[in-house]
Amino acid sequence: MKARINDKEVHFEPNQTILEAARANGIFIPTLCEYHDLDHTPGTCRVCLVEVRQPGSDEAQYLTSCNTPMTENSAVRTMTPKVQEMRRFQMEMAMSDHNEDCATCTRQGDCELIDAANSTGLKKIRFHYTKAWMPPEAGTKPVVYDKSRCIRCYRCIAVCRKVQDIDALEADGWGPTAGVRLKAGTYDASPCVSCGQCVMVCPTGAMSERDQVQEVVDYIADPDIVTVFQTAPAIRVDLGDEFGLPPGSNVEGQIIAALRRIGVDVILDTNFGADLVIMEEGTEVLGRLKAKAGPTFTSCCPAWINYAEKHYPEILPMISSTRSPQAVMGKMIKTYLAEKRAIDPAKIRVVSIMPCTAKKEEAARKALSENGVPDVDIVLTVREFARLIRRYGLDVGRLEPSTYDDLLMSEYSGAGAIFATTGGVMEAAVRTLYYVVNGKELEGIEVTGLRGFENVRSATVEVGGELGSIRLAICHGLRGTRKLVEAVLSGEEKFDFIEVMSCPGGCVDGGGTPRQKKSYIPFAKKRQEALFTLDRQKKPRQSHNNTQIQKLYADFLETPNSEKAHHLLHTHYTARGCGANADIPAAWAELKDQRTEERRQRTEDRRQNPA
């Protein structure tokens, strides 16, 4: 099929939009609300307006290119004076009720709204409407919505429905008062699991993590506080994006150097905690396998735990009781490390650098505290960590790498490193399970059958001994998780061990990682491969061969799943069913009825007030 764009003949496929045809032919049209990776084209911002003339007609139509199909022999112009004027006016309207205080925004001016304003040539804003603004939500929830920065693109609703199948958000209001809200009104009653994918696709600072950078700065400045930082497996291959380094760059050494320059007292690696989790969870799984107690689900992902508690509480007995790597680190820091270093635990503040918004909520769980004092005091996302580093005038790309020097809790194995990618927890566990069952290391240590990027995948692995072969499942992203959980509950599928990560791609693409404009997790595979490379470079590559883990058990915990280890390193879960389960068709029907009523009301208003 053929048409013309800016007097250039172009070829296009049936059902392609004008925007798709233009992009396929290298022609730029500015966009704002549109999000190609989610097939999201609401046309609400109208920044992508173009002039269209149909064959045999001289009449110009001004249409949104993101959701208007290209037609045979039509003529499209993208940069006529009137088109540019109309786009600028649309941008002016978008900016007129937008909070333009970029200095206090988590995006700090680096957002798609500013890019779109520049693309349209916007030079002045004549109108200002602030009556609909509401202060950002207070409290302790990890994700914050600031209506004054919302442009009503509804990408957050789209990712929650299309990718995660949670349906926690809905459109609210109309006209200048429009925005989004949690379904059922409050976080506890809503289906939300704090995965943070809404933050990842937000083009502005409307959706963001709860910023706790200043609290950490205050900790570091207080001479009476001993600051202990732990950095998650994903951070070393995520953080470089914030400082312009190639995707997947391993900046572990620069992270350590930055923390030393900032003045952190003790620097540890959560990979050590990942190795510790394998020892505990692996022993737990082995016991359940021998007892034929049914499947075991992993417990490392806090958004998955939220999901199970809210959506499928009947599956809670199947979830491993072992705490996440972050949580076991927090407990060991305030007990084992404090004892060995003769530090008063009351003076310790544990700060976690995590790729995840849900980790903030995990740290606040009552079950992960002692006498009301949390084991982990503050969690910073990767984005917050980048802001912290900049607060001290540092650039990760310019720092000389340093190394860990803690002799108690900084060593990690290759198995601990791959925890951050989908399938990594399972592969790490298989390496140790095989050793425990057979008394020897697994040959061909990389279990390639567990690697991949399909949302749900399964494999049968020969463990040997009395266990023989075991059936494993791996899932990343909650849409696939729902199907997998329901298949397990119905008896349609039978697995022995199941890994779940709520974020597509795993922790390396969690809701707290660097955002990429107009692109959804584009660097997932590069980050995954960087972790696999790190695994191949590490010695040892199995959690049970980590000498600091061995010392921890010999000096403090005794044996995996001992009474002491169980008291310190395990937890429990609580059913807390949400008041609104996902019902996508009903949600769209409700939205359609709402818009019909709004149109009826506007028509009635015009009839009664014709002037």
Side-chain angles (χ1 to χ4, degrees), residues 140 142 188 193-195 230 232 270 272-288 293-338 345 350 352 354 356-379 409 416 419 425 428-429 485 497-502 507 543 549 552-553 556-577:
T140 60
D188 290 334
V193 298
S194 300
C195 70
Q230 57 164 314
T270 315
F272 174 90
D275 282 336
L276 184 53
V277 163
I278 288 299
M279 301 304 294
E280 291 296 314
E281 190 170 75
T283 303
E284 184 182 359
V285 169
L286 187 59
R288 288 176 63 89
T296 303
F297 285 83
T298 57
S299 56
C300 297
C301 174
W304 151 239
I305 299 300
N306 292 342
Y307 181 78
E309 290 180 333
K310 282 190 165 189
H311 294 257
Y312 291 98
E314 62 268 41
I315 212 162
L316 295 178
M318 302 180 195
I319 299 178
S320 166
S321 65
T322 303
R323 296 179 175 206
S324 73
Q326 168 182 264
V328 301
M329 286 291 288
K331 180 59 76 175
M332 289 297 94
I333 289 166
K334 291 190 175 180
T335 55
Y336 174 65
L337 186 78
V350 177
S352 299
M354 295 285 142
C356 173
T357 48
K359 285 291 182 186
K360 288 176 178 282
E361 184 179 353
E362 178 189 76
R365 283 179 172 257
K366 291 182 180 179
L368 302 179
S369 64
E370 191 73 32
N371 298 322
V373 178
D375 296 330
V376 173
D377 295 279
I378 288 181
V379 176
M409 296 175 60
F419 248 63
V425 176
V485 168
F497 194 18
I498 303 165
E499 175 196 299
V500 177
M501 292 186 179
S502 67
C507 302
S543 298
I549 291 288
L552 171 64
Y553 279 106
F556 192 71
L557 291 176
E558 300 166 2
T559 60
N561 272 26
S562 67
E563 183 177 345
K564 186 174 186 178
H566 203 275
H567 172 69
L568 295 174
L569 304 180
H570 291 249
T571 187
H572 64 273
Y573 314 109
T574 304
R576 48 189 176 117

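Quick note: residue numbers are just sequence positions, from 1. Since we're looking at a predicted model, the values are computed, not measured.
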Candidate pair Val500 and Tyr307, rule side chain to side chain contact (heavy atoms under 4.5 Å, CB included), full reasoning: CA-CA 11 Å; Val500 177; Tyr307 181 78; over 6 Å; no
Looking at [X] and [Y], what are the two nearest heavy atoms and their distance?
| X | Y | value |
| --- | --- | --- |
| Pro374 | Gly372 | CD-O, 3.7 Å |
| Ala565 | Thr559 | CB-O, 3.9 Å |
| Pro560 | Met279 | CB-O, 3.6 Å |
| Val379 | Ala363 | CG2-CB, 3.8 Å |
| Pro295 | Ile498 | CB-CD1, 4.2 Å |
| Pro302 | Cys300 | CD-O, 3.4 Å |

Side chain to side chain contact (heavy atoms under 4.5 Å, CB included) between Ile319 and Trp304: does it pass, once the steps are laid out? CA-CA 10 Å; Ile319 299 178; Trp304 151 239; 4.0 Å; yes
Working to the nearest 0.5 Å, report the span between [atom1] of [X] and [atom2] of [Y].
| X | Y | atom1 | atom2 | value |
| --- | --- | --- | --- | --- |
| Ile549 | Asp275 | CD1 | CG | 5.5 Å |
| Ser194 | Glu361 | OG | CD | 4.0 Å |
| Ile315 | Tyr573 | CD1 | OH | 12.5 Å |
| Leu552 | Met409 | CG | CE | 7.5 Å |
| Leu569 | Ser562 | CG | OG | 8.0 Å |
| Glu499 | Ser299 | CD | OG | 11.0 Å |

Using distance alone, with no hydrogens and no angle criterion, decide if [X] and [Y] have a side-chain donor and acceptor under 3.5 Å apart.
| X | Y | value |
| --- | --- | --- |
| Ser324 | Lys359 | yes |
| Gln326 | Glu362 | yes |
| Arg323 | Thr571 | no |

Quick one, [X] and [Y] - any side-chain contact, counting heavy atoms below 4.5 Å?
| X | Y | result |
| --- | --- | --- |
| Met329 | Asp375 | no |
| His566 | Lys564 | no |
| Cys507 | Phe419 | no |

Give a yes or no answer on whether the side chain of [X] reaches the backbone of [Y] with a donor-acceptor pair at less than 3.5 Å.
| X | Y | answer |
| --- | --- | --- |
| Arg288 | Thr296 | no |
| Thr283 | Asn561 | no |
| Asn306 | Val193 | yes |

With Ser352, which of Asp377, Val376, Thr270 fulfils side-chain contact (heavy atoms from CB on, under 4.5 Å)?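 One option only clears the test, and that one is Val376.
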Result for side-chain contact (heavy atoms from CB on, under 4.5 Å) between Thr298 and one of Val425, Val285, Val277 points to Val425
Holding to side-chain hydrogen bond (donor to acceptor under 3.5 Å, both in side chains), I want the full list of residues that pass it with Glu370, two or more places apart in sequence or in another chain. Lys331
Test of understanding: with side-chain hydrogen bond (donor to acceptor under 3.5 Å, both in side chains), list the residues that count as partners of Ser320, not counting sequence neighbours. Glu281, Glu284, Thr322
Determine whether Gln230 and Met354 satisfy the following criterion, side chain to side chain contact (heavy atoms under 4.5 Å, CB included), listing intermediate values before the conclusion. CA-CA 9 Å; Gln230 57 164 314; Met354 295 285 142; 4.0 Å; yes
Assess whether side chain to side chain contact (heavy atoms under 4.5 Å, CB included) is satisfied between Leu557 and Leu568, documenting all intermediate values. CA-CA 9 Å; Leu557 291 176; Leu568 295 174; 4.0 Å; yes
Residues in salt bridge (Lys or Arg N to Asp or Glu O under 4.0 Å) contact with Glu280, at least two apart in sequence or another chain: none
Could you tell me whether Glu309 and Arg576 make a salt bridge, using a distance below 4.0 angstrom between a side-chain N and a carboxylate O? yes
